[in-house]
Amino acid sequence: MKTTIYFIITCFISTGAFMAALNLKNPFPAFAVAFGIWGLFVWGYVRRSKKAAERESRERLFQSHMRLQYRNPNK
C-alpha cells in the first residue's frame with residue numbers, strides 16, 4: 001500500500017516537472033527533477049524490498065529454530 005502511494009506521488013511530481021519543462025527556456029533542471037524523483041522512487045523500492053526479504057528470512061530461521069526446540073525438548 002505504501003508503495004502505491006509513493007508511486008502516485010512520484011507520477012504527479014514527475015508529470016508536473018515535465019509540463020514545466022515544456023514552458024522553460026532551459027528545461028534541463030525540470031528534467032533533472034523529474035528523473036531524480038523516479039530515481040528516488042526506485043531506490044526506495046529496492047531498499048524496502050531488501051528489508052522485507054531480510055525480515056522474511058529471519059522469520060523462517062526463527063520458525064525453524066522453534067520447530068527444532070519443540071521436537072527436541074531435552075536439548
Side-chain angles (χ1 to χ4, degrees):
M1 185 68 184
K2 185 188 274 189
T3 303
T4 305
I5 293 170
Y6 287 153
F7 178 74
I8 291 170
I9 292 169
T10 300
C11 286
F12 280 127
I13 293 172
S14 66
T15 301
F18 282 129
M19 286 182 177
L22 291 173
N23 296 323
L24 291 175
K25 200 174 219 179
N26 183 10
F28 295 113
F31 287 149
V33 169
F35 290 118
I37 196 73
W38 278 106
L40 286 173
F41 174 76
V42 170
W43 176 68
Y45 178 75
V46 168
R47 195 181 70 188
R48 285 189 304 274
S49 295
K50 284 182 181 178
K51 282 184 181 180
E54 185 179 324
R55 185 172 39 245
E56 289 172 7
S57 174
R58 281 195 312 259
E59 287 176 5
R60 273 189 254 116
L61 284 172
F62 179 72
Q63 288 174 355
S64 175
H65 172 72
M66 293 306 289
R67 253 186 259 122
L68 287 173
Q69 292 296 320
Y70 178 72
R71 289 180 187 164
N72 302 322
N74 296 331
K75 290 185 177 182

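Residue indices begin at 1 and follow the sequence shown. Here the structure is a predicted model, which means the values were calculated and not measured.
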Asks: Got a second to check how far Lys51's NZ is from Arg47's CZ, nearest 0.5 Å?
Replies: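 Rounded to the nearest 0.5 Å, the NZ-CZ separation comes out at 5.0 Å.
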Asks: What is the distance from atom CE of Met19 to atom CG of Leu22, rounded to the nearest 0.5 Å?
Replies: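 The distance works out to 8.0 Å.
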Asks: Between Phe41 and Thr3, which heavy-atom pair has the shortest distance, and what is it?
Replies: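 Phe41 and Thr3 have their closest heavy atoms at CE1-O, 3.9 Å.
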Asks: Minimum heavy-atom separation for Ala17 to Ala30, with atom names?
Replies: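 Heavy-atom minimum between the residues: O-CB, 3.4 Å.
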Asks: Taking only residues two or more places apart in sequence, or in another chain, which ones meet Gln63 in a side-chain hydrogen bond (donor to acceptor under 3.5 Å, both in side chains)?
Replies: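 side-chain hydrogen bond (donor to acceptor under 3.5 Å, both in side chains) list for Gln63, sorted by chain: empty.
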Asks: Quick one: salt bridge (charged side-chain N to carboxylate O under 4.0 Å, His left out) partners of Glu54, sequence neighbours excluded?
Replies: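 Once residues adjacent in sequence are excluded, the partners of Glu54 under the salt bridge (charged side-chain N to carboxylate O under 4.0 Å, His left out) criterion are Arg58.
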Asks: State which residues pass side chain to side chain contact (heavy atoms under 4.5 Å, CB included) with Pro29; sequence neighbours excluded, sorted by chain then number.
Replies: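 Pro29: side chain to side chain contact (heavy atoms under 4.5 Å, CB included) contacts with Asn26.
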Asks: Between CZ of Arg48 and CH2 of Trp43, what distance do you get to the nearest 0.5 Å?
Replies: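 One finds 10.0 Å between CZ of Arg48 and CH2 of Trp43.
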Asks: Quick one: hydrophobic cluster around Phe31, which other residues, with the 4.5 Å side-chain cut-off, linked directly or via members?
Replies: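 Grouped by the 4.5 Å side-chain rule, Phe18, Phe28, Phe35 form the rest of the cluster around Phe31.
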Asks: Applying side chain to side chain contact (heavy atoms under 4.5 Å, CB included), name anything that partners Lys50, two or more places apart in sequence or on another chain.
Replies: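 Testing Lys50 for side chain to side chain contact (heavy atoms under 4.5 Å, CB included), a comparison that skips the adjacent residues, returns Val46.
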Asks: For residues 4-15, run the donor-acceptor check on the side chains, cut-off 3.5 Å, and write out each pair with its distance to 0.1 Å, sequence neighbours left out.
Replies:
unit_1	atom_1	unit_2	atom_2	d
Thr10	OG1	Tyr6	O	2.7
Ser14	OG	Thr10	O	3.0
Ser14	OG	Cys11	O	3.2
Ser14	OG	Trp38	NE1	3.1
Thr15	OG1	Cys11	O	2.7

